[in-house]
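Structure record follows, encoded as structure tokens.
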Amino acid sequence: MTRLSQTLLPTERQPPADAEAISHQLMVRAGLVRQMGAGLWSWLPAGWRAHQRVVGIIREEMERIGSQEVLMPVLQPAELWKRTGRYDAIGGELFRLKDRRDADMVLAMTHEEAMTNHVAQIVRSYRDLPFSLFHFQIKERDEPRPRAGVLRTREFIMKDAYTFDRDEAGLQAQYERFREAYARVYDRSGLRWYEVESDTGMMGGKRAHEYMAPCAAGEDDVVLADGGAVYAANVEVASADPQPVTLPDAPDAPVRVETPGTRTIAKLAAHLDRPAGALLKAFPVVVSGSEAYADGVVLLLLRGDHEVVDVKLAKALGGTVRQANEDEIRDRIGPPGFLGPIGADVPVVVDAAVEATGTGAWVVGANETDVHLDGVVLGRDFAYDVVDVRAVVAGDTVDGTPVTIEPAIEVGNIFQLMTRYSEPLDATFLDEDGKTHAIVMGSYGIGPARIVAAAVEQFHDERGIAWPKAIAPYEIEVVGLGKPGGDEAAAAERVYDELREAGFDVLLDDRAGGAGSKLADAELLGAPLRITVGKRSLADGRVEAQIRRGQETIEGGLPLDGLSDAVRELWERVP
RNA sequence: CGGGGAGUGGCGCAGUCUGGUAGCGCACCCGGCUGGGGGCCGGGCGGUCGCAGGUUCAAAUCCUGUCUCCCCGACCA
């Protein structure tokens with residue numbers, strides 16, 4: 001029963017004043033969601049239908065690869081999280097509370113601990129492996145900054161799946177099956193998407209992929225070569241060949257140049273009439289917990305036209321990294337604004353793009369106020385290690401193909417956890433020889449709400465949402481024009497009944513409104529196909545049809561006689 | 001956590017500077033007209049102005065405190 005006259009669909013003409021992202025504006029305007037607090041959202045009937053259609057697709061694809069659905073609690077004893085170390089490792093993002101007996105509890109932000117704990121109790125033998133489990137469950141995360149409506153919230157439903165194998169080869173096999181399943185999920189949902197290599201982050205483990213849906217409200221930047229066909233990676237891990245810069249020939253030794261007041265690359269480039277890419281930017285950092293470097297200051301050099309990526313830097317140096325403060329800089333290197341490797345009392349690392357640029361003379365700070373050194377040659381004038389830590393920029397190349405950078409929202413990710421959770425939680429099994437091994441795990445997440453919001457971001461126009469047909473709240477909206485109780489309304493009822501019987505999800509606008517507001521609401525809500533029943537075409541025994549995406553009106557409409565067949569045929573080419 | 005902005009009916013806003021009985025558009029209710037692109041006329045309902053305290057004869061408006069929300073950054077499986 002989906003008659004608009006009896007449906008809670010609170011459409012708004014104006015978006016909330018604080019809505020910035022398009023999906024945020026449209027989802028509220030179309031009556032899909034309502035906000036309760038920062039990062040806390042309720043789903044209204046139409047929005048929940050879209051969400052549940054995404055859930056349905058995911059469930060089918062999980063079951064297709066043999067994963068089994070379960071359900072685990074959100075409220076969990078902190079004990080488990082203490083055993084894996086995450087109770088202390090995770091900061092304010094983890095909701096912590098106490099129960100009436102004063103026991104520490106947490107609200108789960110993900111379910112590795114819960115899942116691994118159960119498997120540890122159940123699995124004994126290699127004969128029990130491999131298998132995989134998944135569930136749809138609420139996750140609670142005290143996000144520092146919820147934003148963009150439903151795109152980044154503090155409470156959301158996630159499908160998370162976990163695989164359990166006896167060895168890495170088994171994990172690889174399951175991982176590949178999940179990659180294929182994920183591709184089918186995103187293809188079926190109708191999104192534009194990319195699979196990119198990603199950082200393993202705090203989850204630990206070995207390999208990881210993210211699934212990114214490009215859209216303006218995206219939080220991540222993705223590097224793409226040939227639209228993702230040649231290369232696709234998050235900028236946090238991406239590598240590419242830098243754009244060329246011509247370096248002057250080097251003299252026999254560095255030359256002092258007076259550079260008064262040129263504390264920035266831009267000023268220095270102007271002063272010396274040299275491209276920024278021919279200058280070396282010095283970036284002093286303090287490393288700790290690294291095996292390769294003693295705790296303390298390290299000086300990073302990168303091309304003047306490049307920026308450092310913190311994630312890549314931390315990984316390259318093998319520890320945690322922060323920017324050095326002014327005292328540390330003056331103490332160990334020189335005056336800020338004129339820093340350089342020569343004479344610096346710290347290890348020097350050089351970004352790979354500097355070496356890749358070629359041989360020739362570089363300009364660096366002289367560690368002396370208002371002085372730089374020109375004609376500096378890598379290796380000859382100072383020793384260094386090479387690290388790849390810079391941010392790829394648009395126009396760089398991968399295998400000769402130039403890259404572009406697009407904002408995108410992460411709609412899913414997969415991780416090879418290895419034994420990160422099975423070891424601390426004693427999830428082990430006995431092999432054929434009676435030897436004990438830790439179970440090798442993978443974890444696989446998808447956020448259905450983000451798929452919904454990303455679809456709205458990707459498919460909308462000035463009039464509203466234009467849903468992909470696989471996840472639209474309603475497949476067809478039948479708009480009855482004319483007076484309530486009139487011929488047009490009666491015909492619309494018959495069309496509604498026939499299309500429902502034909503198996504479509506149909507919404508009938510049977511409200512007593514004017515044509516303008518009905519058609520405007522239909523376009524805002526964005527059903528992929530609209531059937532309009534009005535006297536113009538009814539006189540010829542026909543109804544009008546419009547494909548929402550691109551506002552394509554079907555020439556001549558569709559005949560009432562044999563309507564469901566005609567709609568089925570048309571449906572085939574609705575996006 | 002740092003920076004910026006905002007809390008006045010369901011939504012969007014004015015009023016605050018300069019204190020004096022809380023307004024507008026849309027939505028909503030009633031009646032009528034209209035019935036193919038948010039239509040028209042008439043009549044209505046609805047707000048302790050985020051909260052608390054203070055100043056004052058009088059506070060949406062001034063002062064103090066506090067809560068909440070949004071944006072940018074930091075942060076973020």
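Letters go in sequence order (proteins before strands), and every chain restarts at 1.
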With a 4.0 Å cut-off, would you call [X] and [Y] a salt bridge?
X        : Y        : answer
A/Glu69  : A/Arg59  : yes
A/Glu307 : A/Lys281 : yes
A/Glu143 : A/Arg152 : yes

Please report, rounded to the nearest Å, how far the [atom2] atom of [N] is from the [atom1] atom of [X].
X        : N     : atom1 : atom2 : result
A/Gln35  : B/G50 : CD    : P     : 18 Å
A/Glu93  : B/A74 : CD    : P     : 16 Å
A/Glu20  : B/C72 : CD    : C1'   : 10 Å
A/Arg147 : B/C75 : CZ    : C1'   : 13 Å
A/Asp18  : B/C72 : CG    : C1'   : 15 Å
A/Ile409 : B/C76 : CD1   : P     : 16 Å
A/Glu143 : B/A74 : CD    : P     : 15 Å
A/Gln25  : B/C71 : CD    : P     : 11 Å

Once you apply a heavy-atom cut-off of 4.0 Å, does [X] come out as touching a base, just sugar-phosphate, or nothing?
X        : answer
A/Pro16  : sugar-phosphate
A/Ala148 : sugar-phosphate
A/Ala512 : base
A/Phe156 : base
A/Pro484 : base

> Under 6.0 Å between the ring centres of A/Tyr211 and A/Tyr186?
Replying inline: yes
[atom1]-based separation of [M] from [N] [nearest Å]:
N     : M     : atom1 : result
B/C63 : B/G19 : C1'   : 13 Å
B/C1  : B/A58 : P     : 38 Å
B/A60 : B/C49 : P     : 6 Å
B/G7  : B/G50 : P     : 8 Å
B/G32 : B/C17 : P     : 47 Å
B/C29 : B/A22 : P     : 27 Å
B/C33 : B/G25 : C1'   : 23 Å
B/G47 : B/G9  : C1'   : 5 Å

Counter-base of [N], judged by Watson-Crick or G-U geometry with both distances under 3.5 Å:
N     : value
B/G42 : B/C30
B/A6  : B/U68
B/G25 : B/C11
B/G73 : B/C1
B/G36 : none
B/U48 : none
B/C62 : B/G54

> Going by modelled atom types, is there a donor-acceptor pair between the base of B/C76 and the side chain of A/Arg152 at under 3.5 Å?
Replying inline: yes
> Does A/Leu151 offer a backbone N or O that forms a donor-acceptor pair with the side chain of A/Arg450 under 3.5 Å?
Replying inline: yes
> Do the side chain of A/Trp43 and the main chain of A/Leu32 share a donor and acceptor less than 3.5 angstrom apart?
Replying inline: no
Between the protein and nucleotides 2-7 of chain B, which nitrogen or oxygen pairs come in under 3.5 angstrom?
none

> Can you tell me how far the CZ atom of A/Arg13 sits from the CG atom of A/Asp521, to the nearest 0.5 Å?
Replying inline: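 Between atom CZ of A/Arg13 and atom CG of A/Asp521 there are 10.0 Å.
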Please list, pair by pair, any protein nitrogen or oxygen found under 3.5 Å from a nitrogen or oxygen in nucleotides 36-39 of chain B.
from: B/G36; atom 1: OP2; to: A/Lys535; atom 2: NZ; distance (Å): 2.4
from: B/G36; atom 1: O2'; to: A/Arg536; atom 2: NH2; distance (Å): 2.5
from: B/G36; atom 1: O6; to: A/Gly534; atom 2: N; distance (Å): 3.2
from: B/G36; atom 1: O6; to: A/Gly534; atom 2: O; distance (Å): 3.3
from: B/G36; atom 1: O6; to: A/Lys535; atom 2: N; distance (Å): 3.4
from: B/G36; atom 1: O6; to: A/Glu544; atom 2: OE2; distance (Å): 3.0
from: B/G36; atom 1: N1; to: A/Glu544; atom 2: OE1; distance (Å): 2.9
from: B/G36; atom 1: N1; to: A/Glu544; atom 2: OE2; distance (Å): 2.6
from: B/G36; atom 1: N2; to: A/Arg536; atom 2: NH1; distance (Å): 3.2
from: B/G36; atom 1: N2; to: A/Glu544; atom 2: OE1; distance (Å): 2.4
from: B/G36; atom 1: N3; to: A/Arg536; atom 2: NH1; distance (Å): 3.3
from: B/G37; atom 1: O4'; to: A/Gly516; atom 2: N; distance (Å): 3.3
from: B/G37; atom 1: O6; to: A/Arg530; atom 2: NH2; distance (Å): 3.3
from: B/G37; atom 1: N1; to: A/Arg463; atom 2: NH1; distance (Å): 3.4
from: B/G37; atom 1: N1; to: A/Glu523; atom 2: OE1; distance (Å): 3.3
from: B/G37; atom 1: N1; to: A/Glu523; atom 2: OE2; distance (Å): 3.0
from: B/G37; atom 1: N2; to: A/Arg463; atom 2: NH1; distance (Å): 3.4
from: B/G37; atom 1: N2; to: A/Glu523; atom 2: OE1; distance (Å): 2.4
from: B/G38; atom 1: O4'; to: A/Ser517; atom 2: N; distance (Å): 3.3
from: B/G38; atom 1: O2'; to: A/Arg13; atom 2: NH1; distance (Å): 2.7
from: B/G38; atom 1: O2'; to: A/Arg13; atom 2: NH2; distance (Å): 2.8
from: B/G38; atom 1: N2; to: A/Asp521; atom 2: OD1; distance (Å): 3.1

> Under 6.0 Å from the six-membered ring centre of A/Tyr87 and within 45° of its axis: does the NZ or CZ of A/Arg96 meet both?
Replying inline: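 That pair qualifies as a cation-pi contact.
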>> Go nucleotide by nucleotide along RNA chain B from the 5' end; which of A/Pro15 and A/Gly513 gets its closest nucleotide reached first?
In response: A/Pro15
>> Quick check on RNA chain B: between A/Asp310 and A/Lys483, whose nearest nucleotide comes earlier from the 5' end?
In response: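 Result: A/Lys483.
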>> Would you call the rings of A/His209 and A/Tyr175 parallel, tilted or perpendicular, taking 30° and 60° as the class edges?
In response: tilted
> So do A/Val33 and A/Val28 actually touch side chain to side chain, heavy atoms under 4.5 Å?
Replying inline: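 SC-SC contact between A/Val28 and A/Val33 confirmed.
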>> Using side-chain heavy atoms (C-beta onward) and a distance below 4.5 Å, is A/Tyr474 in contact with A/Trp467?
In response: no
> Taking A/Ser23 as the fixed residue, which of A/His460, A/Gln458, A/Glu457 is the one that meets the side chain to side chain contact (heavy atoms under 4.5 Å, CB included) rule?
Replying inline: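 With A/Ser23 as partner, side chain to side chain contact (heavy atoms under 4.5 Å, CB included) holds for just one option, A/Glu457.
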